[in-house]
Amino acid sequence: MSNISRADSLVILDFETTGLSPNMGDRAIEIGAVRLVNGEITERFQELMNPGQRVSAFIEDYTGISNDMLVEADSCEVVMARFADFMGDDNLIAHNASFDKRFLDSELERIGRYYNGEFSCSLLLSRRIFQDAHSHKLGELVRFANIESSGGFHRALYDSEMTAKVWMKMLEDIGERYGVFDIPFELIKKLAKAPKKDIDKLLLSYAG
DNA sequence: TGCCAGGCCCTCTTTAGGGCCTT
């Protein structure tokens, strides 16, 4: 898989986990991802994985993923090896990417796998592009952008698909408002880090 | 013993604090 450094060929991923911090012993329990090419979802990946520890009642309730389901799943090591093959060196997107990147790095390090893609964050971008949204939680952004939803949040594939749709809505919005339709990943990364006051200037510099 | 994330972002800021977002 070649590294295509453009915003129109991406892997959008989402982890469900035992908790918030791999540094505190938390592990992944599900990975979901879609590959987005030219604005279309071309591939999907979703697997549960057995973290080797019981998950809390909170996580069972929050995700709908039970300990019984995880006992039947392949180990994190086996599943993450398959996921590493899936994502290749594509650039990556996640909602609140700092969270998913910590788990991706932690789980891949355990199996000696690495990736060459770059990460960007739909949460950071939405705070700049959808500044009128009263919340930037994934579910709230789906409503804000009038994206059709069955409400199945907190499962990895569903959340990655919703993140992909929010992502495409933001790119559409940039096209409509600024006339910028061909957005390199380098610009995405700049946008996600730029002060809000600089967003107009940055995008207008790419227009025309 | 008791506690336990971490990065971003705003503001009553910068010698800091607290809310937002992810599970």
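Below, read A as the first sequence line, B as the second, and so on, with proteins coming before strands; counting in each chain starts at 1. Everything numeric here is computed off the predicted structure, so don't read it as measured data.
- For E40(A), the CD atom sits in a loose shell: 12 or fewer heavy atoms of surrounding residues, nucleotides or ligands are nearer than 6.0 Å.
- Between dT23(B) and dG6(B), the distance separating the two C1' atoms is 13 Å to the nearest Å.
- In terms of the salt bridge (charged side-chain N to carboxylate O under 4.0 Å, His left out) criterion, E16(A) has no residue partners (sequence neighbours excluded).
- For the side-chain hydrogen bond (donor to acceptor under 3.5 Å, both in side chains) test, residues two or more places apart in sequence or in another chain that qualify with E140(A) are H134(A), R143(A).
- Residues meeting the salt bridge (charged side-chain N to carboxylate O under 4.0 Å, His left out) test with R155(A), sequence neighbours left out: E30(A).
- When the salt bridge (charged side-chain N to carboxylate O under 4.0 Å, His left out) test is applied to E60(A), no partner is found at least two apart in sequence or on another chain.
- The backbone N or O of L70(A) lies less than 3.5 Å from a partner atom in the side chain of N50(A), making a donor-acceptor pair.
- With the nearest nucleotide of DNA chain B identified for both S98(A) and H95(A), S98(A) has the one nearer the 5' end.
- Relative orientation of the F86(A) and F45(A) rings is tilted, given thresholds of 30° and 60° on the angle between their planes.
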For residues 195-205 of chain A, run the donor-acceptor check on the side chains, cut-off 3.5 Å, and write out each pair with its distance to 0.1 Å, sequence neighbours left out.
unit_1	atom_1	unit_2	atom_2	d
D200(A)	OD1	Y178(A)	OH	2.4
S205(A)	OG	L202(A)	O	2.5

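- M49(A) and I65(A) are not part of a single hydrophobic cluster, where members link through side-chain heavy atoms under 4.5 Å apart.
- Looking at residues two or more places apart in sequence or on another chain, you find a side-chain hydrogen bond (donor to acceptor under 3.5 Å, both in side chains) between R177(A) and D173(A).
- Within residues 48-57 of chain A, no residue places a heavy atom under 4.0 Å from DNA chain B.
- Taking the P atoms as reference points, dG18(B) lies 13 Å from dT13(B), given to the whole Å.
- Backbone-only engagement by R128(A) is indicated by non-hydrogen atom pairs under 4.0 Å involving sugar-phosphate atoms exclusively.
- Residue F58(A) is classed as a base contact, given a heavy-atom separation below 4.0 Å to a base.
- For DNA chain B, the residues of residues 134-154 of chain A within the heavy-atom distance limit of 4.0 Å (strictly under) are S135(A), H136(A), K137(A), L138(A), H154(A), sorted by number.
- Considering only heavy atoms from C-beta on, L108(A) comes within 4.5 Å of M87(A) through its side chain.
- Formation of a donor-acceptor pair under 3.5 Å by the T163(A) side chain with backbone atoms of A94(A) is not found in this model.
- Between D159(A) and S21(A), the residue whose closest nucleotide on DNA chain B is further toward the 5' end is S21(A).
- For residues 191-201 of chain A, proximity to DNA chain B is found at K196(A), defined as any non-hydrogen atom under 4.0 angstrom from a strand atom.
- Counting 5' to 3', DNA chain B first comes under 4.0 angstrom of a heavy atom of chain A and last does so at the ends given by dC4(B) to dT23(B).
- Using C1' as the reference atom, dC10(B) and dT14(B) are 13 Å apart when rounded to the nearest Å.
- Among residues two or more places apart in sequence or in another chain, the side-chain hydrogen bond (donor to acceptor under 3.5 Å, both in side chains) test is passed with K189(A) by E118(A).
- Using C1' as the reference atom, dC12(B) and dG19(B) are 15 Å apart when rounded to the nearest Å.
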Listed pairs under 3.5 Å, donor-acceptor, residues 147-154 of chain A side chains, sequence neighbours left out:
unit_1	atom_1	unit_2	atom_2	d
S149(A)	OG	G151(A)	N	2.9
S149(A)	OG	Y158(A)	OH	2.7
S150(A)	OG	Y158(A)	OH	3.4
H154(A)	ND1	Y62(A)	OH	3.3

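- Heavy atoms of D14(A) sit under 4.0 angstrom from primed sugar atoms or phosphate atoms, though from no base atom.
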